[in-house]
Each structure stands twice: as C-alpha cells, then as structure tokens.
Protein chains: 2
Amino acid sequence: MFELLFQKFDEKIGLTEDEKELSKSFFIPKKLRKKQYLLQEGDSCKYVAFVEKGLLRSYKVNDKGAEQIIYFAFEGWWISDHYSYLTGEPSEFNIDAMEDCELLLLSRQAEEQMLEKIPKMERFFRILLQNNLIATQKRLFSSLSHTAEERYAELIKSCPTTLPQRIPQHMLASYLGVTPETLSRIRRQMTLKVR
Amino acid sequence: MFELLFQKFDEKIGLTEDEKELSKSFFIPKKLRKKQYLLQEGDSCKYVAFVEKGLLRSYKVNDKGAEQIIYFAFEGWWISDHYSYLTGEPSEFNIDAMEDCELLLLSRQAEEQMLEKIPKMERFFRILLQNNLIATQKRLFSSLSHTAEERYAELIKSCPTTLPQRIPQHMLASYLGVTPETLSRIRRQMTLKVR
C-alpha cells in the first residue's frame, strides 16, 4: 500500500527504514469506489490524500449549475482543498473518485505530528507545495493566454499516456473550460494534423 | 527598511529581536526606478523579492507579441518566478517596476542559510507558499469559469484601495485577459450599476 508514497519520499528526501515505518502510522488507508466522494461542497476538508491507485477529480459547481473541473489526480499525485484544509472553513469544492481508488489520508493533526517527529518531512512538503504552485501558475498562464487547442495539447503532455482512455470527454471539456462540441472539433483537427 | 517585513514575520511566527537582527543579514536591499527590470525573460531568476515600497508586475510576452500580466505585487507582497528560482532554468517571465520600488532580495543560497540558522522560518515560508497556492488556485478557477466582469470585481476586492490609481487601464486589461475596450465597457457597466 505504501510503495508509491515511499518512492516519492525517496525521490526528494532520504528517509531511513525506521523513519519510513514511523511515517506509516500517520496515514489512514482508505478505499473509495468509483463515484464516491472524498469531499463534498460545504464540508470542511479534513485530509490531504495521496493516490496509491485510481483517479480522482476536484470540481466546483458554478452559478449556472455546471461542473468546472479544476484538477485530476492520478497515481502518485496528491489531492485536497488546501484552503479548507488549512483554515477549517467549509470547502467550495467537491472531490470524487473517477475509478476505484486506494488512498492514503493525512489529517492536519497527523501532518503536524509527523513534521515534529520527522523534521525532514518539512522539506518534502515544502517541495510538494512549490511544485504544486509552479504547476498551478503554469495552468493559470495557459488559461489566460493559450487557445483551447494549446491547452488540450499541454494536458495530454503532462498526464499519463492512459489519460484519453481514463477521462470521459465531457470531463476533459469541463477541465479545459470549453463545451464538449468544441473539444470534439479540437480533437478532429489534431488528428488531421498528425496524419 | 525592514519594518514591513518584520510585521509580516510577526503575523505568522514569533521571532526574537536577535533572530530579527540576524535575519536582516540574509536580505539584499535594492532600489528600482520605475520601468527597471528585476528579471528579464531568458535570465535565471536569482531572487525572491519582498516589496517594502512600490509596485511590480510579472508578465510574459505571448506568441502574438502581446504582454500577458500574471501578477501584481504591492507593498508587503512577494514576487519571483518560482520555477526558475528553484531550478535555475531560464525564466519565461519578465518582472519590472511599475513605480519606484524598495525591495528586499533573498537568494536561494541565503534562503537555505537562513532556514538553517533560524528554523522557525521554514514555517513562515511554508505558510507563504500555501497562501500563494490558494490565491493562484482561486485565480485559476475564476479565469476558467467567471466572466471578465466578475474577475474585475474580484481583483478590486483583493487589492489595496489605491489600485485603480496605480495600475494603468491597459495593464489591468492584460491581467484580466481582455482587450482595453472590453475593460472600459465593464467599468462603465459597473459604474451604472453602482449609481
């Protein structure tokens, strides 16, 4: 259950076997079936979740009742509503499972205790936040000044190669902020270009 | 020169007078005249800058040669290209002064040394990154699913009240990702609604 998480730790910080064993005690293993919620709008976000297996999405329902997908989280990624997690305020977002998932949950309190017991982890979470910030900034820039076609190409590049099989078209369209019809047109054009 | 920075430290962590004195030694005071660059596209971003006085912007020149403003930094805010700062890669962004500025610069090396000498600072920079991430995520959501009018209202709300006098209209338009003509129309409509 912890293989992928430990691999991520190893990529960024050097933990001893004892520290790895200790770190396990702070995470809560959790399975979600497809379509189950990890977080519902209006609830406070109690955990950050590491995805050992499966795929989740975070989304918001806008004033017109449409789902706007903010983020997909694949194996090896983290997902949470950071604002709600940190402040305890009710979340404006939903997080649900797009496939059967195996997660490792970390509560605020467990995170604080883990940082206290294993100070190297401060570094791990700072790097994680930095990378998340960089990715979000890139996406913001791209949403402001790239076309939907360019943004689709960027998404395909940044995600696992299995993405097109794993994410339904209408969800990809919602992530890109375009209608499903526009996405179909983009995909047709891109296929024509490749030929 | 350090009043505002120390105020920010006090809001988030408790530093002793000795620690504050020590922290000064890691920052490089720097004055920029209006229109001078802190960072130019293609250079590596060597510093994060704290704004004691003045106003800066970060922007990118897109494929069509137009400036896309990503971020404004007022007094008490930080500005940098985090990706370039962390990786040493050439930056895709420009940062320049929109007014005469007084800055406190922190290099990677100085930051690492400061974190080592004053471990409480880890917490300060983690909180800073978290807040930055939350703000960027909000802005991303808003760029994906709010109208330009809603985004303009959010900007006005989140910035100092002096914003309209300090930022030229064409730069506000660039930040919002709309043409100056669209921004004028939005402002006229908002004025009519207020009356």
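Computed over heavy atoms, backbone and side chain alike; hydrogens, waters and symmetry mates excluded. In what follows, every chain begins at residue 1, and chains take the letters A, B, ... in the order their sequences are listed.
- Contacts of Tyr71(B) with chain A are absent, with no heavy-atom separation under 4.5 Å from either backbone or side chain.
- For Glu11(B), the CD atom counts as densely surrounded, since its 6.0 Å shell holds more than 12 non-hydrogen atoms of other residues, nucleotides or ligands.
- Taking CG from Asn132(A) and CG from Leu133(B), the interatomic distance works out to 4.5 Å, rounded to the nearest 0.5 Å.
- Crowding of Lys60(A) atom NZ: a count of heavy atoms from other residues, nucleotides or ligands under 6.0 Å exceeding 12.
- Side-chain heavy atoms closer than 4.5 Å link hydrophobic residues (I, L, V, M, F, W, Y) into clusters, and following such links, even through other members, never connects Ile95(A) to Leu106(A).
- Looking at Lys120(B) and Glu122(A), no side-chain N of the basic residue comes within less than 4.0 Å of a carboxylate O on the acidic one, giving no salt bridge.
- Leu115(A) touches chain B through its side chain: at least one heavy atom from C-beta onward sits under 4.5 Å away, while N, CA, C and O do not.
- In this structure, Leu86(B) and Ile134(A) have side chains that are in contact, with non-hydrogen atoms separated by less than 4.5 Å.
- For Glu67(B), no part lies near chain A; criterion is any non-hydrogen pair under 4.5 Å.
- For the atom pair CG (Leu140(B)) and NZ (Lys138(A)), the distance works out to 14.5 Å, reported to the nearest 0.5 Å.
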Dump the intermediate steps for side chain to side chain contact (heavy atoms under 4.5 Å, CB included) on Gln137(A) and Ile70(B), then the final yes or no.
CA-CA 9 Å; Gln137(A) 279 177 340; Ile70(B) 305 298; 5.7 Å; no

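- Within 6.0 Å of atom NZ in Lys30(B), 12 or fewer heavy atoms from other residues, nucleotides or ligands are found, so the atom counts as exposed in its surroundings.
- Environment of CZ in Arg123(A): sparse, with no more than 12 heavy atoms of neighbouring residues, nucleotides or ligands closer than 6.0 Å.
- At most 12 non-hydrogen atoms from other residues, nucleotides or ligands lie less than 6.0 angstrom from CD of Gln109(A).
- In Lys20(B), the NZ atom is crowded: over 12 heavy atoms of neighbouring residues, nucleotides or ligands sit closer than 6.0 Å.
- Residue Arg126(A) holds its CZ atom at 10.5 Å from CG of Leu128(B), rounded to the nearest 0.5 Å.
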